[in-house]
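This report refers to the structure that appears directly beneath it.
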Amino acid sequence: MFKEQNLPDEIQIMDREAYKEAISKGKVQLVDVRTKGEFMSGHIKGAKNIDFFQGSAFETAFSKLRKDVPIYIYCQSGNRSQKAAKRLVDLGFTKVYDLRGGYRSWSH
């Protein structure tokens, strides 16, 4: 839990209920940063899959999204999405919301 203290101000970790409420309010930028295989085995409804491990393709895919609109991301456990969130801030995203515990916490 100490890792969260090192996060930039643009990144906020949300628990499952707050995340669920936030993404239920209509059209949001919701991105699953897991692999295609993980995504195919189950994901949050409405999520777009952009694999964190795809290198430049990851950045290219995010360059097509709006940087001035909040973006909601998640991975399997919350580890990859924290790394992805930091990369998104570097790419110019101003509000990044990450699901605490990842998809694992969502599906239980």
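In this text the structure is predicted, and so the values were computed from the model without any measurement. Residue numbers run from 1 in the order of the sequence given.
- Looking at Lys95 and Glu10, no side-chain N of the basic residue comes within less than 4.0 Å of a carboxylate O on the acidic one, giving no salt bridge.
- At a threshold of 4.5 Å between non-hydrogen side-chain atoms, the residues Ile50 and Leu65 count as touching.
- Remark: the backbone N or O of Val69 is paired with a side-chain donor or acceptor of Gln29 at under 3.5 angstrom.
- Atom NE2 of His43 and atom NZ of Lys48 lie 12.5 Å apart (nearest 0.5 Å).
- In this structure, Gln12 and Val96 have side chains that are not in contact, with every pair of non-hydrogen atoms separated by 4.5 Å or more.
- Using cut-offs of 30° and 60° for the angle between ring planes, the Tyr97 and Tyr72 rings count as parallel.
- The minimum heavy-atom distance between Arg104 and Ser77, with the atom names listed, is NH1-CB, 3.7 Å.
- Side-chain atoms of Phe62 and Arg87, non-hydrogen and from C-beta on, never get closer than 4.5 Å to each other.
- Pairing each heavy atom of Ser63 with each of Lys67, the nearest pair is CA-NZ, 4.2 Å.
- Counting heavy-atom neighbours within 6.0 Å of Asp9 CG, excluding the residue itself, gives a total of 12 or less.
- Phe58 and Asp51 make their closest contact through CD1-O, 3.5 Å (heavy atoms, listed as atom of the first residue, atom of the second, distance).
- No side-chain heavy atom of Leu99 sits under 4.5 Å from any side-chain heavy atom of Met14.
- A donor atom on one side chain and an acceptor atom on the other are found under 3.5 Å apart for Asp32 and Tyr74.
- Val28 and Ala22 get closest at one heavy-atom pair: CG1-O, 4.1 Å.
- Here Leu7 contributes atom CG and Gln82 contributes atom CD; the two are 5.0 Å apart, rounded to the nearest 0.5 Å.
- Of all non-hydrogen atoms in Arg34 and Phe39, the two that sit nearest each other are NH2-CA, 3.7 Å.
- Residues Phe53 and Ile73 share a single hydrophobic cluster, defined by chaining ILVMFWY side chains whose heavy atoms lie under 4.5 Å apart.
- The structure places OG1 of Thr35 at 9.0 Å from CD of Gln54, a figure rounded to the nearest 0.5 Å.
- In this structure, NZ in Lys86 is found 14.5 Å from CG in Leu91, a value given to the nearest 0.5 Å.
- Put simply, the side chain of Thr94 never gets that close to the backbone of Pro70: no donor and acceptor are under 3.5 Å apart.
- Between the side chains of Asp98 and Ser81, at least one donor N or O lies within less than 3.5 Å of an accepting N or O.
- Between Glu38 and Arg80 a salt bridge is recorded (basic side-chain N to carboxylate O distance below 4.0 Å).
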